[in-house]
Trainee: 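Attaching a single structure in structure tokens format; questions to follow.
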There are 4 protein chains.
Amino acid sequence: MNEHRANEHRNGPVRSAAARDAILEATARLFQSEGYDHLTIEGIAKEAGVGKQTIYRWWPTRGALIADCLSDGRLFAVDFAVPDTGDLVADVEQWLDTVIPILDAPGGGALLRSLVAAAAEDSAVGDHLSESLGVERHLSERLTAGIRDGQLAPGAPVDELGHAILGTIIVQVLSRQDDATDRLRQLVRFMLRSGSPQNGPLSPTDAK
Amino acid sequence: MNEHRANEHRNGPVRSAAARDAILEATARLFQSEGYDHLTIEGIAKEAGVGKQTIYRWWPTRGALIADCLSDGRLFAVDFAVPDTGDLVADVEQWLDTVIPILDAPGGGALLRSLVAAAAEDSAVGDHLSESLGVERHLSERLTAGIRDGQLAPGAPVDELGHAILGTIIVQVLSRQDDATDRLRQLVRFMLRSGSPQNGPLSPTDAK
Amino acid sequence: MNEHRANEHRNGPVRSAAARDAILEATARLFQSEGYDHLTIEGIAKEAGVGKQTIYRWWPTRGALIADCLSDGRLFAVDFAVPDTGDLVADVEQWLDTVIPILDAPGGGALLRSLVAAAAEDSAVGDHLSESLGVERHLSERLTAGIRDGQLAPGAPVDELGHAILGTIIVQVLSRQDDATDRLRQLVRFMLRSGSPQNGPLSPTDAK
Amino acid sequence: MNEHRANEHRNGPVRSAAARDAILEATARLFQSEGYDHLTIEGIAKEAGVGKQTIYRWWPTRGALIADCLSDGRLFAVDFAVPDTGDLVADVEQWLDTVIPILDAPGGGALLRSLVAAAAEDSAVGDHLSESLGVERHLSERLTAGIRDGQLAPGAPVDELGHAILGTIIVQVLSRQDDATDRLRQLVRFMLRSGSPQNGPLSPTDAK
DNA sequence: TCGTAATCGAGACGGTACGTCTCGTCTTGAT
DNA sequence: ATCAAGACGAGACGTACCGTCTCGATTACGA
């Protein structure tokens, strides 16, 4: 019987949804506009119209706030779904077309750098990092489907391939390479090339 | 030219090499033991037995100190050279065998995370990041040689492959995956696979 | 009588005597052990096992709690009555013998200091201050009796004499004079000296 | 030889007199206008245009600031000197005429209550309390002179008499008695009464 | 050889943010 | 209506560092 479970319930006021919302919204706004290193608890509290203690009561660290923003989809508005048209490379490039504009937008590189900084400092963010851009769920699933369709070798490490693409983006962003889009596409096509004699000619345009 | 005129008439003592050394050594020590976010200028000054102003005089930011430590090889003692035995995959795995122990050592993951945090915050570190683990110089060169030897497709994007490997490591470290070594090896073998008929399965040994 | 009318028509439970008691007891205990400035409403509530609101409902300020503790005799257990043996000075010294041990006990000085701090901050305590050590009631009455008996001049300002004795004690305690007992006795004997021929040295019994 | 004492001198910047001055001035101003319990370090720092750490660097507690204000004469502008006209009671009443207006001024009672609160909380203030109103120095000295002149009995406890007068004032102020001036004068006259008929002439030799 | 000028260790300074504590009010469900 | 519990906005606490500045001592030229 779990009726008396009901009796275990604590009396007293309940967590304020309005406060939670205001805090996460303020966090997302300040994170995007100021960056992770200028993100302060006091600033969030002021922006949200909330006491500091209300933040500390529910989130142990700055990173936990960012992690919640990620989970709630408050940092990236877009949908990172990967289509399945049957053409694996084209579909992944479609995903790239979703991601790249974010990075090329003004402040986009800084946004990802901030996210990396948060992930480096706080494991709560790190846990959500690869998931946050759709890598974990959407991209890996599409690659797995690619194996089923015979477009990718059966033993291909799909998770690592997703991490590799994300990781390449991160390295480029950390290196402040703003013109890396084409090379990223090249890499994806190379990594996902189907095996053909001579290791398969890349498309003529790729081969340059 | 009178650019150097400005410096010609200078009296007084010259920059103290001892101070520079003590500062960078203290920086490296504290960075390794405390991490980037607990690294403070005041802490470095005290540890180095130096005035704060002596640091501010020569380095504009915390990151610049880290960048100098990287350049001086004060953060990673090892040599990240990649051998050239003719077997590309084996050589790259040799490089992996140099890198992985660093990450598996106690605090190794935290060290790389700190480095990433520094790179995210400060472009001076970001610029040296991929270079710092031998990726830029040694790994890319070896991949280029692989193209020459016919072990890699002519159009293979060597720099991006290096970044992809490093990026995968970074993503794994940021995600706090401590057991990712094998999957990293798998990825490298997959990415560097030579084209074979039907593109797979991977070589029998790879296939487990 | 309609004083208790106020309680007759009320719904719900009536004021909890148990809560009142626990709160005042907790207040007294914490006041004595921690001092007035470390006395907090939250601390009292926790110590008493009571909600904060229950305190705020019935007492407007910290000081009101202390004032109630004074009224209930929860701070000083002893009886500050002044005997009337016919010898005024001896009787007042008897009262001193009641008061002084309290101040000489460990923490006794701190206790009176805390009481003074409370009185300085809150008029509710200030109103009970001179009353609390028996000055207002017992000491003044004894002095008045002394006038009747001819041991004190008819116009002697009995209330002010009581205040002067208490005030001297307070000044000594505020000045952290731990050895002021004898000088206090001297003062009392001097202030209450009856005019006698030669008038000094003080009366033979005093001079001992 | 103490020449090498000179070498023990610390290098580096010296304490800023301007900061010290601004801090004490702000402390005095806020103490007088807001009272001790509303006096905050942050408020002082803001008022003085100073960092909090500059206060904490030189003063351990709020009370130490008040004590320094007392020492510098920043709380009471007036001079508490006691004249010596030969008439002891008149002279002491002259001192009363200096003190009473301070207490009768608007906020004067609150000022002394604040001072008492500070003294109760902090020994640094307590040590200066009786000194601060001229009791220790001027009043006691005048009473001592009164003994020399035969207006006071030789064994009179002059320090305690000063404390008694001050203490009476404190008790009156703590009890919020705003009309106590006359009774205070009565007390002083009674305590310092020379022997007269109806309470006994002091001895001829004392009266000298 | 003696200024002159830059560097050095030390640390005070005006600030900002930290994470904790308590305030007094408000809300909840139980009695 | 009162109670225990405790969330809430507010704001002070005392600490840690920031980056700038000032100090006296210490070099190392150039006049």
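Quantities reported herein were computed from a predicted structural model and do not represent experimental measurements. First the proteins, then the strands, lettered A, B, ... as listed; each starts at 1.
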Trainee: Looking at C:Trp58, I'd like to know whether one of its side-chain N or O atoms comes within less than 4.0 Å of OP1 or OP2 on F:dA1.
Mentor: no

Trainee: Name the residue closer to the 5' end of DNA chain F, choosing between D:Arg62 and C:Gly51 according to the nucleotide with the nearest heavy atom.
Mentor: C:Gly51

Trainee: Using a heavy-atom cut-off of 4.0 Å across all strands, would you classify A:Arg15 as base, sugar-phosphate, or nothing?
Mentor: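 The answer is sugar-phosphate, as A:Arg15 gets under 4.0 Å only of primed atoms, P, OP1 or OP2.
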
Trainee: Could you tell me the separation between the CZ atom of D:Arg57 and the P atom of E:dG11, rounded to a whole number of Å?
Mentor: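 Computing the D:Arg57:CZ to E:dG11:P distance gives 11 Å.
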
Trainee: When you measure from every atom of DNA chain F, which of residues 31-49 of chain B have a heavy atom less than 4.0 Å away?
Mentor: B:Thr40, B:Ile41, B:Glu42

Trainee: For the helix from E:dT1-F:dA31 to E:dT31-F:dA1, figure out the bend between the end axes, five pairs an end, and round to 10 degrees.
Mentor: 10°

Trainee: Out of F:dA4, E:dA6, F:dA7, which nucleotide sits closest to the side chain of A:Asn11?
Mentor: F:dA4

Trainee: Looking at C:Arg74 and C:Asp21, is any side-chain nitrogen of the basic one under 4.0 Å from a carboxylate oxygen of the acidic one?
Mentor: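 So C:Asp21 pairs with C:Arg74 through a salt bridge.
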
Trainee: From the set F:dC18, E:dG15, F:dA7, return the single nucleotide nearest to any side-chain atom of B:Lys52.
Mentor: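 Looking only at heavy atoms from C-beta outward on B:Lys52, the closest nucleotide is F:dC18.
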
Trainee: Indicate yes or no: does A:Glu25 engage A:Arg29 in a salt bridge with an N to O separation below 4.0 Å.
Mentor: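 Answer for the salt bridge query: yes.
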
Trainee: Find the distance between NE2 (D:His128) and CD1 (D:Ile66) and round it off to the nearest 0.5 Å.
Mentor: 12.0 Å

Trainee: Between D:Trp58 and D:Arg15, is there a cation-pi geometry (under 6.0 Å to ring centre, at most 45° from the normal)?
Mentor: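 Yes.
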
Trainee: Specify the residue among A:Pro13 and B:Ala19 whose closest nucleotide of DNA chain E lies further upstream toward the 5′ end.
Mentor: B:Ala19

Trainee: Looking at E:dC26, does its base get a donor-acceptor pair with the side chain of C:Gln53 below 3.5 Å?
Mentor: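 Answer yes: a donor N or O sits under 3.5 Å from an acceptor.
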
Trainee: Rounded to whole Å, how long is the line connecting atom CZ of C:Arg20 with atom C1' of F:dC3?
Mentor: 17 Å

Trainee: With the side chain counted from C-beta on, respond yes when C:Ser132 and C:Leu115 share a heavy-atom pair under 4.5 Å apart, and no when they do not.
Mentor: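 Yes, their side chains come closer than 4.5 Å.
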
Trainee: Round to a whole Å and report the spacing from CD1 of A:Ile55 to C1' of E:dG19.
Mentor: 12 Å

Trainee: Would you compute the distance between atom OG1 of B:Thr40 and atom CZ of B:Arg62 and round it to the nearest 0.5 angstrom?
Mentor: 8.5 Å

Trainee: For residues D:Val116 and D:Val173, determine if any side-chain heavy atom of one lies less than 4.5 Å from a side-chain heavy atom of the other.
Mentor: no

Trainee: OP1 or OP2 of E:dT7 less than 4.0 angstrom from a side-chain nitrogen or oxygen of B:Thr54, does that happen here?
Mentor: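 B:Thr54 to E:dT7 OP1/OP2: no side-chain N or O under 4.0 Å.
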
Trainee: Quick check against the 3.5 Å criterion: does A:Gln32 have a side-chain atom that pairs as donor or acceptor with the backbone of A:Leu111?
Mentor: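 No.
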
Trainee: I want to verify a distance call: between E:dT7, E:dT20, F:dA7, whose nearest atom is closest to the A:Tyr56 side chain?
Mentor: E:dT20

Trainee: When you compare the side chain of C:Asp68 with that of C:Ile23, does any pair of heavy atoms fall below 4.5 Å?
Mentor: no

